[in-house]
S.K.: 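Right, I'll just put the structure down here and ask away after.
Each ligand, and each atom within it, is numbered from 1 in the order the structure gives.
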Amino acid sequence: MFSTEFIAFDSCTPQKAVTNDDLSLLVDTTDEWISTRTGIRERRISEGENTSDMCIKVAKGLLKKSSVSAEDIDLIIVATITPDFATPSTACMVQSAVGAVNAFAFDVSAACSGFVFAAGIADKYIRSGMCRNAIVIGAETLSKIVNWRDRTTCVLFGDGAGGALLSRSERNCYIAEDMHSDGSLGMQLTGGEAKVRNAFADPEEPDRRYLEMDGRTIFSFATRKVPASIRTLLEKASLTPDDIDWVVPHQANSRIVEVVAKKLDMPPEKFFMNIAKYGNTSAASIPIALAQMSDEGLLKKGQKVIISGFGGGLTWGSAIIEI
Ligand code: UT7
C-alpha cells in the first residue's frame, strides 16, 4: 500500500470584485441583509474567463509550486457543476493546456462537496499504486447559472478555482474520510437542467436552468449533517477535536459554520473563513481557502486539517488531511 501527501495548493479568481452595494443596484437587497445573514461582503465575478481558463491557471500554478513536471502527472480531476462543455471535460482541457500527456482526466459532479469527493478519489488511485501524482481542482463559474434577477440566490454565489497536487509519499497525509449523498433531497438545490428537446420531444415547461435553492432546508441539512460527519471522521481516525489545527469548511454561510463549531464544541477560530471576500464558490471554496492559508503561511507541516463540503445532490463529505 502507498500513501498520499498534499504537495501544493493554488487558486485563481477573476479580477472583478462585486460588492453587496453593487448588487443592491441590480436587485432589492442591502449590504446589511447580505452581510448579517451570510457573512458575504463581496464576490469575484467572471467577465469572460470560463471554468477551464481558471483551472488551467491553477494547474500551472501547482506544477510551478511543486516542481513536478507535467509529464509526471498521471491523473487530473476537476470537480465542477459549471464546466465549459459537457464534453470535452474540463479536466481534459487542463490536460491538453499544461501538456500532461501521460495523465487520464475526468470531471466530477458533486456540487459543493466536489473537491472533497475528488480528493478522495485521487487518494485511492495513489494508494492503490496506479498513480503517483494527481492534480485535483474544484472550479466554478456559477455566474453562468445564477439568475441575476433573483435576490434570494444571486447575492450568495461567486466564481473561482482552487486545487491541490497530491503525490505518492512515505507520509500518510490523507488520514480519514466520511462521504455521503441523499438524492431524495436533490430537488432542494437545482440548476443547469436540460430537458429532452429533440425532433420527437418538446416539453411545455421551461428548463430549470438557473440555481434554485430552498435555503432554509439546506441550512438545517448542513447544520445537522456536517457536525455528525466530523464526529464520525474523528472517531474513524481515533482523534479528538483538540488534535485538529484547522477546519476548512465549505464557505456557504458564516452562520452555518458558527452553528457547526458550537455543536462540535470547537473554538470558532479554528474554522478558516474567507466567505466575506469570495462568497459561495461551490466546489472551489475549500481549495481556494487552502491555497490562501498556504500562501499566508497558516498551514504548517504536521498540522491536521479537516476539510468539509456540503451542498447540491444533496451531498456531504469530510476528510482529515495532514499538511
Ligand atoms: O453551497 C450550497 C449550500 N447552500 C447553503 O448552504 C445555503 C444554506 N442556506 C442559507 O445560507 C440561508 O438559508 C440563506 C442565506 C440562503 C437565506 O437566509 P435565511 O435567513 O434562511 O433567509 P430566508 O430565506 O428565511 O429569508 C428571510 C427573508 C425573506 O423575506 P420574508 O419572506 O421574511 O418577508 C426573503 O424574501 O429575507 C428575504 N430575502 C432577502 N432580503 C433582502 C431573501 N434574500 C434577500 C436578499 N435581500 N438578498
S.K.: Under the 4.0 Å line, does any protein heavy atom show up next to atom 34 (O) of ligand 1?
M.R.: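 Given the 4.0 Å limit, the answer for atom 34 (O) of ligand 1 is no, no protein heavy atom qualifies.
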
S.K.: Take Glu177 and Lys124 through the salt bridge (Lys or Arg N to Asp or Glu O under 4.0 Å) test and state the conclusion after the steps.
M.R.: CA-CA 11 Å; Glu177 66 183 8; Lys124 305 306 162 294; 3.1 Å; yes

S.K.: Does the protein put any heavy atom within less than 4.0 Å of atom 31 (P) of ligand 1?
M.R.: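 Protein heavy atom within 4.0 Å of atom 31 (P) of ligand 1: absent.
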
S.K.: List ligand 1 atoms under 4.0 Å from Ile256, heavy atoms only on the residue side.
M.R.: 6 (O), 8 (C)

S.K.: Taking atom types as modelled, find out whether Asp21 and Ser24 have a side-chain donor-acceptor pair closer than 3.5 angstrom.
M.R.: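 There is no such pair between these side chains.
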
S.K.: Should we count CZ of Arg41 as having more than 12 external heavy atoms under 6.0 Å?
M.R.: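 Check fails, neighbour count at 12 or below.
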
S.K.: Within the 4.0 Å heavy-atom shell around Thr152, which atoms of ligand 1 are there?
M.R.: 43 (C), 44 (N)

S.K.: Out of Phe157, Trp316, Trp33, whose heavy atom is nearest to atom 42 (C) of ligand 1?
M.R.: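 Checking each option, the heavy atom nearest atom 42 (C) of ligand 1 is found in Trp33.
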
S.K.: Could you point out which residue of Thr152, Thr190, Asn147, Leu189 forms a side chain to side chain contact (heavy atoms under 4.5 Å, CB included) with Leu211?
M.R.: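 Going through the options one by one, the only one that passes is Leu189.
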
S.K.: Tell me, do Phe221 and Gln188 make a side-chain contact under 4.5 Å, heavy atoms counted?
M.R.: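 A side-chain contact is absent here, since even the closest heavy-atom pair is not under 4.5 Å.
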
S.K.: Under 4.0 Å from atom 38 (C) of ligand 1, do we find at least one protein heavy atom?
M.R.: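 When distances to the protein are checked, atom 38 (C) of ligand 1 has a heavy atom within 4.0 Å.
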
S.K.: Classify the side-chain pair Asp107/Thr80 by whether it contains a donor and acceptor separated by less than 3.5 Å.
M.R.: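 Side chains of Asp107 and Thr80: no pair found under 3.5 Å.
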
S.K.: Could you go step by step and tell me if Lys65 and Asp295 meet the salt bridge (Lys or Arg N to Asp or Glu O under 4.0 Å) rule?
M.R.: CA-CA 11 Å; Lys65 283 181 176 172; Asp295 291 347; 3.1 Å; yes

S.K.: Tell me the contacting part of Cys112 for ligand 1: side chain, backbone, both, or neither, using a 4.0 Å heavy-atom threshold, strictly below.
M.R.: side chain

S.K.: Heavy-atom contacts under 4.0 Å between Val155 and ligand 1: side chain, backbone, both, or neither?
M.R.: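 Val155 to ligand 1: side-chain contact only, backbone stays beyond 4.0 Å.
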
S.K.: So, applying side chain to side chain contact (heavy atoms under 4.5 Å, CB included) with Cys55, which one of Thr51, Val58, Asp53 is it?
M.R.: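 One option only clears the test, and that one is Thr51.
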
S.K.: For atom 6 (O) of ligand 1, is the nearest protein heavy atom closer than 4.0 Å?
M.R.: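 Yes, at least one protein heavy atom sits under 4.0 Å from atom 6 (O) of ligand 1.
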
S.K.: Within ligand 1, which atoms have a heavy atom of Asn280 less than 4.0 Å away?
M.R.: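 Atoms satisfying the 4.0 Å criterion: 1 (O), 2 (C).
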
S.K.: Using a strict cut-off of 4.0 Å, indicate which atoms of ligand 1 neighbour a heavy atom of Thr38.
M.R.: 15 (C)

S.K.: What is the nearest protein non-hydrogen atom to atom 18 (O) of ligand 1, stated with its residue, atom name and distance?
M.R.: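 Heavy-atom neighbour on the protein nearest atom 18 (O) of ligand 1: Arg255 NH2, 3.6 Å.
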
S.K.: Between Ile275, Ile288, Asp159, which is the residue that forms a side chain to side chain contact (heavy atoms under 4.5 Å, CB included) with Thr281?
M.R.: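 When side chain to side chain contact (heavy atoms under 4.5 Å, CB included) is applied between Thr281 and each of Ile275, Ile288, Asp159, only Ile288 qualifies.
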
S.K.: Tell me which protein heavy atom sits closest to atom 3 (C) of ligand 1, plus the residue, atom name and distance to 0.1 Å.
M.R.: Ile218 CG2, 3.5 Å

S.K.: Nearest protein heavy atom to atom 22 (O) of ligand 1, by residue and atom, and its distance?
M.R.: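 That would be Arg37 NH1, 3.5 Å.
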
S.K.: How about Ile135 and Leu63: do any of their side-chain heavy atoms sit closer than 4.5 Å?
M.R.: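 Ile135 vs Leu63: side chains touch.
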
S.K.: Please determine whether any non-hydrogen atom of Leu189 lies less than 4.0 Å from an atom of ligand 1.
M.R.: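 So Leu189 counts as touching ligand 1.
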
S.K.: Starting from atom 9 (N) of ligand 1, what is the nearest protein heavy atom, named by residue and atom, and what distance separates them?
M.R.: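 Going by distance alone, atom 9 (N) of ligand 1 is nearest to Gly215 O, 3.0 Å.
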
S.K.: In terms of atom number and element, which parts of ligand 1 are under 4.0 angstrom from non-hydrogen atoms of Arg216?
M.R.: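 In order of numbering, the contacting atoms are 13 (O), 21 (O), 23 (P), 25 (O).
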
S.K.: Would you say atom 47 (N) of ligand 1 makes contact with the protein, given that contact here means a non-hydrogen protein atom less than 4.0 Å away?
M.R.: yes

S.K.: Mind checking whether Phe104 and Tyr125 have parallel, tilted or perpendicular rings, split at 30° and 60°?
M.R.: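 Correct class here is perpendicular.
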
S.K.: Numbering the atoms of ligand 1 from 1, which are under 4.0 Å from a heavy atom of Ala252?
M.R.: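 In order of numbering, the contacting atoms are 1 (O), 5 (C), 6 (O).
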
S.K.: Thr30 versus ligand 1: do any nitrogen or oxygen atoms come within less than 3.5 Å of each other?
M.R.: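 No, Thr30 has no N/O under 3.5 Å of an N/O on ligand 1.
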
S.K.: Any donor-acceptor pair under 3.5 Å linking the side-chain atoms of Thr141 with those of Ser46?
M.R.: no

S.K.: Would you please determine whether Ser282 falls within less than 4.0 Å of ligand 1 on a heavy-atom basis?
M.R.: no

S.K.: Heavy-atom contacts with Asn253 under 4.0 Å: which atoms of ligand 1 show up? List them by number with element.
M.R.: 10 (C), 11 (O), 12 (C), 15 (C)

S.K.: State if Phe310 counts as touching ligand 1 under the rule of any non-hydrogen atom under 4.0 Å.
M.R.: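 Yes, that is the case, since the closest heavy atom of the residue is under 4.0 Å from the ligand.
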
S.K.: Distance to 0.1 Å, residue and atom name: give those for the protein heavy atom nearest to atom 29 (C) of ligand 1.
M.R.: Arg151 NH2, 4.9 Å

S.K.: Is the shortest heavy-atom distance from the side chain of Phe9 to the side chain of Met293 under 4.5 Å?
M.R.: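 Result no, sub-4.5 Å side-chain heavy-atom pair not found.
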
S.K.: Step through the shown structure and confirm whether more than 12 heavy atoms of other residues, nucleotides or ligands are within 6.0 Å of NZ on Lys262.
M.R.: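 Counting neighbours around NZ of Lys262, 12 or fewer heavy atoms of other residues, nucleotides or ligands fall under 6.0 Å, so no.
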
